[in-house]
Amino acid sequence: MQKGVHERILNKIVRKISHELSDMVHIIVPNGYVWQVKLNKEGRNVRFDDGWQDFVEAYSISVGSLVLFEYESNSTFQAHIYDETAWEINYPSSDKESHTSGEEFHP
């Protein structure tokens, strides 16, 4: 994982939605791609795990990038990714296929 790219979900957020989170979450980006990412739950700490590194690499997320997550429901997050200049990145075109799992997911 790139140094400085954090995968931990803030405790304040986890307290509000932990009862809804399964072991696998879906991250949807504006082009319709759906990423399935496993959660690692250790006590009060919840981190994105398997699939997170693929997500980070696919969108060139690095120190200075900003990823805004909006929790929808049913372990599904909408994500918007901004580069170090605070401009939202250009997302590759999508045919709405999912990533990491190889299965299509429709939220």
Shared hydrophobic cluster for Val25 and Ile17 (ILVMFWY, side-chain gaps under 4.5 Å): yes
Partners passing salt bridge (charged side-chain N to carboxylate O under 4.0 Å, His left out) against Lys38 (at least two apart in sequence or in another chain): none
Interatomic distance, Thr76 atom OG1 to Ile28 atom CD1 [nearest 0.5 angstrom]: 5.5 Å
Approximate separation, where rounding is to 0.5 Å, of Gln36 CD and Met24 CE: 5.5 Å
Report yes if some heavy atom in the side chain of [X] is under 4.5 Å from a heavy atom in the side chain of [Y]; otherwise report no.
X     : Y     : value
Tyr91 : Tyr59 : yes
Phe77 : Val67 : no
Leu21 : Leu39 : yes
Asp54 : Val56 : no
Asp50 : Val37 : no

Neighbour count above 12 (heavy atom, 6.0 Å) for Asn45 CG: yes
Val46 and Asn40: CA distance, side-chain angles, deciding distance, side chain to side chain contact (heavy atoms under 4.5 Å, CB included) verdict: CA-CA 6 Å; Val46 177; Asn40 180 339; over 6 Å; no
Shared-cluster residues of Trp87, by chain and number - hydrophobic side chains joined below 4.5 Å: none
Gln78-Tyr71 side chain donor-acceptor pair, cut-off 3.5 Å: no
Closest heavy-atom pair and its distance - Ile27, Ala79: CG2-CB, 3.6 Å
Pairs involving residues 68-88, ordered by first then second residue, that meet salt bridge (Lys or Arg N to Asp or Glu O under 4.0 Å) (sequence neighbours left out): none
Of all pairs that satisfy salt bridge (Lys or Arg N to Asp or Glu O under 4.0 Å), the ones with a partner from residues 22-33, not counting sequence neighbours: Asp23-Lys41
By side chain to side chain donor-acceptor pair (under 3.5 Å) - contacts of Ser75 (at least two apart): Ser22
Ring geometry between Phe48 and Phe69 (parallel below 30°, tilted from 30 to 60°, perpendicular above 60°): tilted
Residues which pass ring-ring contact (aromatic ring centres under 6.0 Å, His included) with Tyr82, listed by chain and number, not counting sequence neighbours: none
